[in-house]
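Okay, structure first, notes after.
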There are 2 protein chains.
Amino acid sequence: MHCGEMGSRWGFNRTVGQMYGLMIINEEPLTAVDIAETLNISRGNVSMGIKELQSWRLISVTHKPKDRKEYYAPAGSIWDMAIRVFEERRKREVDPTLSLLRDNLLDEPSTEQETYAHKQLLEIHDLLETVTEWAGELQTMNPENLTTLMKLGSGVSKVLDIKDKLLANNS
Amino acid sequence: MHCGEMGSRWGFNRTVGQMYGLMIINEEPLTAVDIAETLNISRGNVSMGIKELQSWRLISVTHKPKDRKEYYAPAGSIWDMAIRVFEERRKREVDPTLSLLRDNLLDEPSTEQETYAHKQLLEIHDLLETVTEWAGELQTMNPENLTTLMKLGSGVSKVLDIKDKLLANNS
DNA sequence: GTATAGTTTCACTAATTACTGAAACTTCAG
DNA sequence: CTGAAGTTTCAGTAATTAGTGAAACTATAC
């Protein structure tokens, strides 16, 4: 069961990773007590972990009839999970960076030193913006197209060439 | 100068982020002492930070004639920087996850429970592998093509349709 | 060689982050 | 309304991670 530890590399802490790993591996939804006992962690810690996973929109809660317990399970498919982790990390890492950069770009540079700094910040800002916009668009594409695109790999360049030729012919 | 703090979100700790921010903002290369004084951190801490940044392949060291000091500056363009952070994070986060998954997939499942777990792990593994392979291929593409691709955004699906039609015609 | 100007290391301390468990809270059946 | 079965909160503690600074180390000029 220790394999859940790999989650520790993915933006949440060790126990939260283990908790989620456990849910993924188990076909049946689990109760908070199941989790606490399997992982040998305190009940309170599980509660906090659940909250964290919910903030990542990674789990769904169900109830069994005649039972007051809450049952937790991963929300959606593995693919959904990846999208969400990706999205949330963008929100937590990239977006704050972007707004910090924007704030700084508002100040007009007065010295030469500042002009250079300004230029550099602008470059970072634009790069980050392009990349995240693009990533956002990829996410809205349907999964099949995305898979095609990925299978294509570096063949993408060839397709782009084809496109250019088509446009040239049409004009 | 506190704006360098945003680096704290990007995989290294606060001071290392500040150090790198400082180098990006300054046109001229800096010495270890410059950095320590500007950021009010100890000389030893700077040395460790330099080491860390070097392990990310993010800085280059130069020497001035008649001067024994080492001068540090960001290695390469902003674009290079992004590629490197991306690549290094893949190495540190994704690759270990993949090899952990592979290890686990070697064990043949014996119970039904394990069969399910096995299936889930396989799915995660395949997804991660596809995505990282693709990301790797994107990196080898020349920047212009990449920009075209990004500008295209979700229009990519249209190009793929065109490609499919072309292939259909050729057959 | 040796004095000097620099860098690196590392044991120690500080700061941050994660975990525990008991108490407070919620919900619902009877 | 009561209490049983559950969840959440949070103050305190443990564990981890980051930072310091003095001592050890290196390289070079003379």
Side-chain angles (χ1 to χ4, degrees), chain A residues 1-2 4-23 28-56 59-73 89 92-93 96, chain B residues 1-2 4-23 28-56 59-73 89 92-93 96:
Chain A
M1 283 302 180
H2 67 181
E5 283 194 28
M6 67 193 170
S8 60
R9 293 180 211 271
W10 271 99
F12 11 75
N13 67 36
R14 191 167 43 81
T15 38
V16 174
Q18 287 178 326
M19 286 172 54
Y20 197 54
L22 202 61
M23 290 183 207
E28 298 302 321
L30 299 167
T31 66
V33 180
D34 291 338
I35 297 171
E37 284 179 357
T38 314
L39 300 177
N40 277 310
I41 57 179
S42 75
R43 191 60 197 69
N45 198 1
V46 172
S47 175
M48 284 167 151
I50 296 283
K51 240 171 75 183
E52 166 112 23
L53 286 170
Q54 275 168 338
S55 85
W56 287 76
I59 52 176
S60 64
V61 187
T62 52
H63 287 269
K64 283 195 185 170
K66 290 273 172 200
D67 188 346
R68 209 147 63 210
K69 282 202 275 301
E70 306 205 310
Y71 287 79
Y72 305 101
R89 280 185 87 160
R92 289 157 203 234
E93 300 181 344
Chain B
M1 285 300 179
H2 66 181
E5 286 194 25
M6 68 195 168
S8 59
R9 294 179 211 270
W10 271 99
F12 12 74
N13 67 36
R14 191 166 43 81
T15 38
V16 174
Q18 287 178 327
M19 287 172 53
Y20 198 53
L22 200 61
M23 291 183 207
E28 298 303 320
L30 300 166
T31 66
V33 181
D34 291 338
I35 298 171
E37 283 178 358
T38 315
L39 300 177
N40 276 309
I41 56 180
S42 74
R43 191 60 199 68
N45 198 2
V46 172
S47 174
M48 285 167 152
I50 296 283
K51 243 172 72 184
E52 167 112 23
L53 286 170
Q54 275 168 337
S55 85
W56 287 75
I59 52 177
S60 64
V61 186
T62 53
H63 286 270
K64 284 195 185 170
K66 290 272 174 197
D67 188 346
R68 210 147 64 212
K69 282 203 273 303
E70 306 206 310
Y71 287 80
Y72 305 103
R89 279 186 88 159
R92 289 157 203 233
E93 300 181 343

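A, B, ... follow the sequence lines: proteins, then strands. Residue 1 opens every chain. Model, not experiment: these values are computed from the prediction.
Counting to the nearest Å, the P atom of C:dA14 and the CD1 atom of B:Ile41 are 18 Å from each other. Nucleotide C:dC28 holds its C1' atom 19 Å from the NZ atom of A:Lys64, rounded to whole Å. Atom pair A:Gln18:CD and C:dA18:P shows a separation of 14 Å (rounding to whole Å applied). For the pair A:Leu39 CG and C:dA18 P, the interatomic distance rounds to 16 Å; values are reported in whole Å. The interatomic distance linking A:Asn13 (CG) with C:dT20 (P) rounds to 11 Å, in whole Å. Between B:Phe12 atom CZ and D:dT17 atom P there is a gap of 18 Å when expressed in whole angstrom units. Going from atom CD of B:Glu37 over to atom P of C:dG6 covers 12 Å, rounded to whole Å. At whole-Å resolution of the value, CG in B:Leu30 and P in C:dG6 are 15 Å apart.
Not counting sequence neighbours, the partners of B:Ser55 by the side chain to side chain donor-acceptor pair (under 3.5 Å) test are B:Arg92. In this structure, A:Arg43 has no salt bridge (Lys or Arg N to Asp or Glu O under 4.0 Å) partners at least two apart in sequence or on a different chain. Residues satisfying the side chain to side chain contact (heavy atoms under 4.5 Å, CB included) criterion with A:Thr31, sequence neighbours excluded, are A:Val33, A:Asp34, A:Lys69, A:Tyr71. Take B:Glu93 and apply the salt bridge (Lys or Arg N to Asp or Glu O under 4.0 Å) test, not counting sequence neighbours, and it matches A:Arg89, B:Arg89. The side chain to side chain donor-acceptor pair (under 3.5 Å) check on B:Tyr72 picks up B:Glu70, with sequence neighbours excluded. Partners of A:Glu37 by salt bridge (Lys or Arg N to Asp or Glu O under 4.0 Å), not counting sequence neighbours: none found.
Looking only at side-chain heavy atoms (C-beta outward), A:Glu52 and A:Met48 stay at 4.5 Å or farther from each other. Residues A:Val61 and A:Gln54 form a side-chain contact, since some pair of their non-hydrogen atoms from C-beta on lies under 4.5 Å apart.
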Distances under 3.5 Å between nitrogen or oxygen atoms of protein and nucleotides 8-11 of chain C:
unit_1, atom_1, unit_2, atom_2, d
C:dT8, OP2, B:Ser47, OG, 3.4
C:dT9, OP2, B:Lys51, NZ, 3.2

Show each protein N/O and nucleotides 1-5 of chain D N/O combination with a separation under 3.5 Å, one pair to a line.
unit_1, atom_1, unit_2, atom_2, d
D:dA4, N3, A:Arg68, NH2, 3.4
D:dA5, O4', A:Arg68, NH2, 3.0
D:dA5, N3, A:Arg68, NH2, 3.0

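Of all nucleotides listed (D:dG19, D:dT7, C:dC19), C:dC19 comes nearest to the side chain of A:Thr15.
The NZ atom of A:Lys51 sits 12.5 Å away from atom CD1 of A:Ile59, with the distance rounded to the nearest 0.5 Å.
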Please lay out, stage by stage, how A:Met23 and A:Ile35 fare under the test side-chain contact (heavy atoms from CB on, under 4.5 Å).
CA-CA 9 Å; A:Met23 290 183 207; A:Ile35 297 171; 3.8 Å; yes

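Rounded to 10°, the helix from C:dG1-D:dC30 to C:dG30-D:dC1 has 10° between the axis fitted to its first five pairs and the one fitted to its last five.
In the model, A:Asn13 has a side-chain atom that pairs as donor or acceptor with a side-chain atom of A:Thr15 under 3.5 Å.
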